[in-house]
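Just follow the structure's listing: the first ligand is 1, and inside any ligand the first atom is 1.
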Amino acid sequence: MRKKTIAKRPPRKKVYKLPTKPSTRSQDRTFTPSSSPPTSPPRCDPMAQTKNTPRYPASAKPTPPPKTTPSKPSSLKPGSSKGKRPAVEEPVPETAKPKSMSVPVCSQSGSVHFYVKGRDIILNNETISDSLKYTDVGLYAYTSVKWDEGVGISYHDALAHICEHIGQSQTCPAENANKCDDSEWEGEFFPAINKIKYEGPSSKNPLSFKWYNAEEEILGKKMKDWFRFSVAFWHTFRGTGADPFGAPTKHWPWEDGTNSVKMAKRRMRANFEFINKLGIDLWCFHDRDIAPDGESLEEANANLDEVVALAKELQTQGKKKVLWGTAQLFMHPRYMHGAATSSELGVYAYAATQVKKAMEATHYLGGENFVFWGGREGYQSLLNTDMERELNHLARFFEAAVAYKKKIGFNGTLLIEPKPQEPTKHQYDWDAATTSNFLRKYGLIGEFKLNIECNHATLSGHSCHHELETARISGLLGNIDANTGDPQVGWDTDQFLVDIQEATMIMLSVVRNGGIAPGGFNFDAKLRRESTDVEDLFIAHIIGMDTMARGLKNVAKLVEDGALAELVRKRYQSFDTEIGAQIEAGKADFDFLEKKVKEWGEPKVASAKQELAEMILQSAL
Ligand code: XUL
Ligand code: CO
C-alpha cells in the first residue's frame, strides 16, 4: 500500500486555486523555459503588460566576475537583445479549446473562474466581453480562434478584462507587482508523499526503492557515490507533456500559468522538496529554465540572479549541489543558425555572454561540471555552410570558455554532450568519437570531458555502452545523461531507462572507469505525455534509480564471478607472449612479422564465444 500522509500533515494554506481545467498556454517546455512574454506581469496586474517597465532599472550596476571563491553571479551589462520570443512551438489544436481556469485576482480572497470562447470571456458563467483585443501574441496566447496564425487573446489581456470588469485594476498597479502577488505557496508541494525509503525487492509500495539503497556498499563504494543521481530541472519542472500535435497535459498544482520570476522561485522550492524527498543530492539546470528570459540581457541576468540566490539558500539548507549547469543556446530565435557556429558575429558574442553568466551561476551554486550541448551547432545544408569556419569558431568558443573558467576560479569539469542531430540535420558533436577527434585537433583534449546521453547514443547508431566505452578508453567519460529512447522510434524520446540489461552494460563501463565523479547520473528524462499525476514524477525517478541499482548489482555479480573477464582475457591471450609484447610496444616491423609467419605457418583462430559471453551476462541479471 502506498503511504498517504495528507492526514498527518498540516493542511496546505494554498493561496492559488488550482486551475479547474488546464491552461493551454504553453507547449512542452522541456528545453523551453519561457512560457510567457519575458516580462510576465503577475496574473492580477493588467497594467504591467502595456507599461513594459523593466523589472530592473538600467542603473543596476554589473558586479565584477567572481574570483576564486564562488560569489554571487554578476549582472551583465545591457546587451543587444531585441527581446524576441522563442518560436518553436506548434499551434494548439482547436479541439483543445476552450480551456477554463480559476485564477485568484489581486485583493480578492477567492478566485474567479473563466474561459475564453471565441471572442468572449466567460467569467463565472457570465459573458463579460465581446470585443477582445486580438493581437499577435504568438506562443503566448491564452486561447484563440486562430492558433495557426499566432493570433489570439493573450492570457494577460484576458486577465486585464477580468480585473477591469470586477473593478480590481486599481488595486494591482504595475509598480506594486510583487506585493500584488505577495502570498507564497505555503506548506509542502508534495504533501501526499513522504521521503522515499528503501524497502527491498519484495515491497509493493510504488513510492519506495526496491533496489536502490543509498548507503549500501557495492564493489567498495556506496551506491549513492557510484551514481550521484541528479534531477534535470527542465524535464521535471518545465516539461508540460505537450508535443507537436497536442496541448500540455500536465498541470502541476503549484504552477500558476506564468513565467514570472515569482513562479520561477516557487518552482525552485518545489525542486528542492522533490530532490530531498527522493534522497537525491544533485540537480542540473539550463539558465533559461530556472529563470525567465528578459527583454534585455541585463534583465535576463537579473532574473537569473534572483532565482539563483534562492537556489543557493535552499541548497545550503538541504546540503544539495548542482551537478551541472548549462546555457540554453538553442531556444531563442537568435540562435537559429547556431550559437558559437552562427554565421552572425553578434550571435557568437551573445552566446559567449550567456555562457559567461551561466558559468558564473553554476560556480556560485557549487556546480561540479558545466555542460555544452550544441543543439544548433551544426547545419541544415552544406550548400550554404562553411563547415571549416564554423568548426574553427566552435573551437575558439571552447577556448574562451576554458579561459573564463580559469579566470573565475571555477574548478568544475567542462563537458561536451554529443548528439548526432535534432534539431539540426547534422550536429557537429555527432558522437563520442567525432567529439574527441574535434577536441584533439584543436588541442582541447585535456580541458573537456564528455557527457554521454544514452538516447543520443542510439540516435547516432551506437549503443550507450559503445559511447561510454569510447569515452572511457580516451579518459573522457565525465557524466551520464541517464535516459533511453524507444527502439521503434527514431527520435529523442528521453524516457527513463528501465531496461535492466541495458543498465548492466552501462554500469560495466562505469565500474571499469572506477566511477564517474565529479560527474554523475543526470535524469535527462521525462514522463510520458500520458502520465499526469504528481506522484508519477516520483515513480519515474524511483524506477530509474532502481534500474541503475540493479545494473550495478549485476556488475558486482559479474566481477565476483570473473567468468566474463576471463573469457575476454583468454580471447587475447596470444598477445600475452614475448612477440605479442613486442607488437604492443611497437617494436615489431613488417619484415620481422613476415619472418615469423613463414616460421609458424597458418595461424590457429579460436572461437569468439559470443553466446557464452551472453550466457554469462544473463546469469547475472
Ligand atoms: C538535448 C539534451 C539537453 C542537454 C542539455 O537532447 O540532452 O537537455 O542535456 O542542454
Ligand atoms: Co542531455
Side-chain angles (χ1 to χ4, degrees), residues 28-34 86 88 229-240 243-244 282-290 322-332 335 338-340 351 354-355 358-359 361-362 367-378 397-398 401 412-432 435 448-460 462 464 467-468 471 477-486 489-497 506 516 519-527 544:
D28 189 341
R29 294 292 179 173
T30 297
F31 312 118
T32 318
S34 314
V88 295
F229 285 125
S230 149
V231 167
F233 191 93
W234 53 99
H235 282 306
T236 302
F237 289 96
R238 304 312 307 269
T240 65
D243 69 15
L282 298 157
W283 63 293
C284 290
F285 69 95
H286 297 87
D287 49 0
R288 299 289 179 257
D289 49 53
I290 57 167
V322 162
L323 176 64
W324 55 258
T326 188
Q328 192 208 60
L329 303 177
F330 45 86
M331 171 51 59
H332 197 284
Y335 296 123
Q354 213 182 305
V355 165
M359 199 187 281
T362 305
E368 299 186 78
N369 304 271
F370 188 85
V371 161
F372 294 86
W373 172 61
R376 300 215 180 261
E377 314 294 21
F397 193 88
F398 286 142
T413 311
L414 300 182
L415 298 166
I416 298 179
E417 183 177 330
K419 186 178 183 182
Q421 57 212 174
E422 197 203 10
T424 54
K425 162 201 161 75
H426 179 100
Q427 189 176 313
Y428 290 137
D429 309 318
W430 184 274
D431 60 4
T435 310
F448 286 82
K449 286 192 172 183
L450 302 180
N451 177 26
I452 302 297
E453 177 165 325
C454 293
N455 203 162
H456 295 179
T458 48
L459 291 179
S460 67
H462 305 303
C464 191
E467 285 294 84
L468 293 169
L477 180 50
N479 192 82
I480 295 175
D481 267 7
N483 67 7
T484 193
D486 181 296
V489 174
W491 60 85
D492 202 8
T493 58
D494 283 340
Q495 289 167 238
F496 282 84
L497 197 156
I506 291 169
I516 51 173
F521 283 71
N522 171 45
F523 284 115
D524 196 352
K526 61 185 174 200
L527 290 183

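- Here D524 contributes OD2 and E417 contributes OE2, and at the Co ion (ligand 2) these two atoms make an angle of 170°, given to 10°.
- The N/O atoms of D481, backbone and side chain alike, include one that comes under 3.5 Å of an N/O atom in ligand 1.
- Counting the atoms of ligand 1 from 1 in the order shown, those under 4.0 Å from a heavy atom of W234 are 8 (O).
- When only modelled atom types and interatomic distance are considered, N369 and N479 share no side-chain donor-acceptor pair under 3.5 Å.
- The aromatic rings of F372 and F398 sit perpendicular to each other, their planes meeting at more than 60°, with 30° as the lower class boundary.
- The minimum distance between the Co ion (ligand 2) and any N, O or S atom of E453 involves atom OE1.
- Using a 4.0 Å cutoff on heavy atoms, V371 does not count as a contact of ligand 1.
- At least one N/O-N/O distance between K419 and ligand 1 falls below 3.5 Å.
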Dump the intermediate steps for ring pair (Phe, Tyr, Trp, His ring centres under 6.0 Å) on W430 and Y428, then the final yes or no. CA-CA 5 Å; W430 184 274; Y428 290 137; over 10 Å; no

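- Residues forming a side-chain hydrogen bond (donor to acceptor under 3.5 Å, both in side chains) with S230 (at least two apart in sequence, or on another chain): N522.
- Of the N or O atoms in W324, none lie within a sub-3.5 Å distance of an N or O in ligand 1.
- Taking the N/O/S atoms of D481 in turn, the shortest distance to the Co ion (ligand 2) belongs to OD2.
- Looking at W234 and D524, their side chains do bring a donor and an acceptor atom within 3.5 Å of each other.
- Residue contact check for ligand 1: H456 places a non-hydrogen atom closer than 4.0 Å to it.
- Legend: residues meeting side-chain hydrogen bond (donor to acceptor under 3.5 Å, both in side chains) with W324, ordered by chain and number and at least two apart, are absent.
- Contacts with ligand 1 closer than 4.0 Å are made by side-chain heavy atoms of D492 only, the backbone lying farther away.
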Check against ring pair (Phe, Tyr, Trp, His ring centres under 6.0 Å), F330 and H286: CA-CA 11 Å; F330 45 86; H286 297 87; 5.5 Å; yes

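- For ligand 1, one of its N or O atoms has an N or O atom of D524 under 3.5 Å away.
- In summary, the side chains of N483 and E453 do present a donor paired with an acceptor at a separation below 3.5 Å, with no hydrogens or angles considered.
- Remark: among candidates E422, E417, H235, Q328, the nearest residue to atom 4 (C) of ligand 1 is E417, based on non-hydrogen atoms.
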